[in-house]
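Order of the sequence lines fixes the chain letters, A, B, ..., with proteins taken first and strands second; residue numbering starts at 1 for each chain.
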Amino acid sequence: MMITMEAEVNGKKLVYLDNAATSQKPTAVINALRNYYEAYNSNVHRGIHYLSAKATDEYELARQKVANFINAAECREIVFTRNATEAINLVAYSWGLSNLKEGDEVILTIAEHHSAIVPWQFVAQKTGAVLKFIDLTEDEVPDEEKLREMISKQTKLVVVHHVSNVLASVLSIDQVVSWAHDVGAKVLVDACQSVPHMVVDVRSLDADFLVASSHKMCGPTGIGFLYGKSELLSSMPPFLGGGEMISDVYLDHSTYAEPPSRFEAGTPAIGEAIGLGAAIDYLSGIGMQKIHEYEVELANYLYDRLSSVPSVRVYGPKPSRSVTRAALCSFNVEDVHPTDVATFLDQQHGVAIRSGHHCAQPLHRYLGVNASARASLHFYNTKEDVDEFIHALSDTINFFASFK
Amino acid sequence: MGSSIARTHLSPSSPFLLTKPVNCIGTSPSHIHLNLQKPIFKKPPNSRFAHDPTSKNPSFSLSCSTIDRCAKVQPSSVSEKVQRLGFEFRSLPEPIDRVKRLLHYAAILPPFDESSRIQENRVSGCTTQVWMEVMMDRNGVMRFRVDSDSEITKGFCSCLIWLLDGAAADEVLSVKPDDLVEMNVGLPSRGNSRVNAWNNVLISMQRRTKDLVEEKGRGNLEQISSLISVNGSCSSKNQASCGLAVHELI
């Protein structure tokens, strides 16, 4: 099913624990991609011939699958992008530049991924809008109470993650949305770490914008999506110009297509979209609620095992009845660089984890470290994987201790 | 200015000695005991880099000493050194031994001056912090100083220093990232990965070397200085604004 999971690395059975970076791909997804290229490769929306019609149908069916997966009201609320980063940039350049002005406030948390911070820095530089950040509570979760207090009439947008890719914490998006809407502000949710792992219902959350990435949810790389409420997308100017997104082009001006085409300039990632649709079929076949429940169990097991290893510091909240953690742990080993930990785990044990700042430098600065190691799981991981990781980590710690 | 220990990095006789010889193959780190002898050196004024204008050989002679012990003949060119390094790491089939070897080389990389651990000297990358100082002496010999907060990355850097410190600029520029694939530690060197220490540090060394070559090519720097250095964000086009440091020797 997941071919890579059967692989060997450095003579050891691979233990793949870097799912927050990207997930492995089911055979069904690879087959869907291959089938598109082998059986009906053609450009979409342009040809009248059979192949083009077939490709268009499958491409638009993939859009419908995404809409159903996150319970969007209609499929035109789904814009295909290259990835979640591009989706956020789309909102920043289109909605942000046309709706923000000097003195307006955008509220974010210090735990945002760089892709959710940098585009808004661009917009703030161009418009004079102000970025305001909330930090963490003592439990190392973004301080929702401070967020509530920070929201004011100047607030025009709140940009928050759903699940932190470092802290494993889960934000109460419905609460945040409610507070933001009370002052007329919009909310953009970075759902890259939640959509692949749990039921995400945009209508229940009432989020204005939500972004996610295909490759983290068993789909191909090169495609992600933006969900935007219809009325918002309809009011937004194009982000990129070119084919596909126009209605009519004259020499001096153009008129633009309706969303989502307005935001999909040029030939899209057709095969990748179809592959994403296959990934959604695959995940839905298992059931997102089932996946979530299993991963919560894995998350607690991972946290308990890892936090009991001497000289290991795990970041983020301690799981409890009221606190759910995602199935990932960022951590540091005392006096050993996380990259050294990750390298040794890979070289000696075939355990794949990530090290670095995980595109969250402000958060790492707040935590007082330059980098951390991160083990992140998906539904195809097991408690045995966690055991092997912990065993390998203990060996790694002993190895480096022998050099001191 | 560098501390006294830092300056010994390029001093003609290395301050670091192995108390036991290292076997060519299958060396155990438990047999490696470093004797960090106190350095004997003369303070080179106005430079963090010890300088021997007559020397064309890298004076960081101990790095990759294992290789030197394996071969009776000291490699003289960068390409020979690349081959030696490849040979050494190929002779270590177990990943753990390659890691141990890198940690050994990390341990003998002389300390980097704390005051040089500044943003301008950073080598951009994602997972570890690397700092680098690059200079060219009046003979066109390249001088490199590198440090990292990761021990394994320091090991990579130590090998690169052994390869390239003291080499001519054209030799520095001749090394290809693929040449380092043989070392087979961590990520393959192919590709431009932001976490690939080999690749990032080598490319930075070459980029800064190229900048210095261009500066020298303009022909005026030698009149005012015999040693020029460039930090991370400098290019030949923005010398004034990015703070191209000019150090004069005695």
Side-chain angles (χ1 to χ4, degrees), chain A residues 8-14 18 20-22 113-115 118 165-166 330-361 363-365 368-374 392 395-404, chain B residues 27-34 36 89 92-109 117-119 122-131 147-159 183-189 193-201:
Chain A
E8 282 197 354
V9 171
N10 295 324
K12 308 286 190 311
K13 182 185 174 300
L14 169 68
D18 194 17
T22 199
H113 191 281
H114 294 164
S115 63
V118 180
N165 71 326
V166 175
S330 299
F331 65 97
N332 266 308
V333 176
E334 195 178 340
D335 294 333
V336 186
H337 195 285
T339 294
D340 294 346
V341 172
T343 302
F344 193 85
L345 284 172
D346 170 66
Q347 297 277 295
Q348 185 63 8
H349 297 281
V351 176
I353 68 164
R354 173 152 289 222
S355 68
H357 50 60
H358 318 304
C359 295
Q361 274 190 312
L363 175 59
H364 278 79
R365 271 191 212 105
V369 292
N370 289 312
S372 61
R374 182 183 68 190
D395 181 57
T396 303
I397 293 169
N398 290 337
F399 172 79
F400 283 103
S402 72
F403 273 83
K404 295 195 193 311
Chain B
T27 302
S28 163
S30 61
H31 298 148
I32 298 174
H33 301 287
L34 297 179
L36 304 183
F89 278 86
L92 299 169
E94 294 300 321
I96 192 170
D97 291 328
R98 295 195 291 272
V99 172
K100 284 174 180 176
R101 189 59 56 86
L102 279 182
L103 292 175
H104 161 62
Y105 291 139
I108 60 175
L109 181 67
R117 287 184 167 219
I118 54 176
Q119 189 61 30
R122 282 280 305 276
V123 175
S124 59
C126 188
T127 65
T128 67
Q129 296 187 94
V130 176
W131 297 267
D147 196 13
S148 173
D149 58 349
S150 148
E151 289 302 308
I152 291 175
T153 304
K154 264 170 89 167
F156 288 140
C157 293
S158 188
C159 291
M183 265 65 94
N184 193 24
V185 178
L187 293 169
S189 290
S193 169
R194 60 187 170 172
V195 299
N196 189 330
W198 288 117
N199 198 63
N200 279 344
V201 178

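Using a 4.5 Å cut-off on side-chain heavy atoms (C-beta onward), B/Leu103 and A/Phe344 make no contact. Taking 4.5 Å as the limit, some side-chain heavy atom of A/His337 sits within range of a side-chain heavy atom of B/Thr128.
Considering all non-hydrogen atoms of both residues, A/Asp340 and B/Ile152 come closest at OD1-N, 3.0 Å. Looking at every heavy atom in both residues, B/Pro95 comes nearest to A/Gln347 through CB-O, 3.2 Å.
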